[in-house]
Amino acid sequence: MASTFVDAEIASQPQVWRQVGALAASVSADLPRPGERVAVVGCGTSWFIAMSAAVLREQAGHGVTDAFAGSEFPRGRTYDRVVAISRSGTTTEIVDLLGALDVPTTLVTAVADSPAAQVADRTIALPFAEERSVVQTRFATSVLTLLRAHLGADVEALAADAERALDVDIEALLGADQCTFLGLGWCIGLANEAALKTREAAQFWSEAYPAMDYRHGPIAIAQPGRLVWSFGPAPTGLREEVDAVGATFVQHDLDPQAALVVAQRFAVALAGRRGLDADNPRALSRSVILA
Ligand code: F1P
């Protein structure tokens, strides 16, 4: 039963993604064109969505696409367009960066008249994906849906997978004391986002790595009572290695973006078990606004 804003926001994703799908064609002129050299930027959750979107765009053959945390944008580099993701449009690093750049910029936000929108050249607003919880779920996945739709993804199939994700039984996972999320390619951003969700919402120990790098040290953390959670296909043999050390290997046969919905539910359920308010995590605010 939905008891927090974030529960309801997670559950609304299939329907909200469909709304994004219906909107996508009408805003495509403000999104990168094939061949453009693009950087996608954001902070926190928005950065991890940028990471996934960048890999997908480049793999789709649309051109060089980098992703940066807003604070780490390499100011000396030249891009044809910078796409900024910010739910609030108030995050200091993003407002400052958009104000300083002299290349075309597009902001994707939930708030059309935010400070970031005032300094971006173009703004794509998704007000129907706005959230009341501090912890981001549906706004982030809606941005990814938009950027995937712009690359030709089938949004209806994605939304149908999200519906399945809402029914996945997570009860057996909730006794774990640690989780490491893994992904290859565009799923690395999803793994980072899943790990951030559990840390933000539940103060739960989680890590995230590119799946091929997991053997290079982080596997030492795996043991009975801990999870190794793969978004998308895992490298050959990795599941067996995880089994051998007694950790629980987790993977869902869903589009990896829909599989992120399972991880969102996991994070919020963990928070509930720990008596935490997932809508208002310790030391977090809706956005980081620096003096
Ligand atoms: C970015 C962000 C969130 C994070 C926290 C603080 O916000 O870092 O990702 O979960 O709520 O703000 P925004 O720029 O997307 O509004």
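Start at 1 and go down the list; that is how both ligands and their atoms are numbered.
- The two residues Ala263 and Phe231 make their nearest non-hydrogen contact at CB-CZ, 3.9 Å.
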Begin with the C-alpha distance, continue with both residues' side-chain angles, and end with the deciding distance and a verdict on side-chain contact (heavy atoms from CB on, under 4.5 Å) for Thr90 and Val95. CA-CA 7 Å; Thr90 56; Val95 177; 5.5 Å; no
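- Within 4.0 Å of ligand 1, the residues that place a heavy atom are Cys43, Gly44, Thr45, Ser46, Ser86, Arg87, Ser88, Thr91, Val134, Gln136, Glu200, Ser285, Arg286, Ser287, listed by chain and number.
- With hydrogens and angles left out, the side-chain atoms of Gln257 and Arg148 include a donor and acceptor closer than 3.5 Å.
- Minimum interatomic distance between Thr91 and Cys43 (heavy atoms only, all atoms of both residues): CG2-SG, 3.7 Å.
- Figure legend: cation-pi geometry between Arg37 and Tyr79, with NZ or CZ positioned under 6.0 Å from the six-membered ring centre and within 45° of its axis.
- A salt bridge does not link Arg132 to Glu9: none of the charged nitrogens lies less than 4.0 Å from a carboxylate oxygen.
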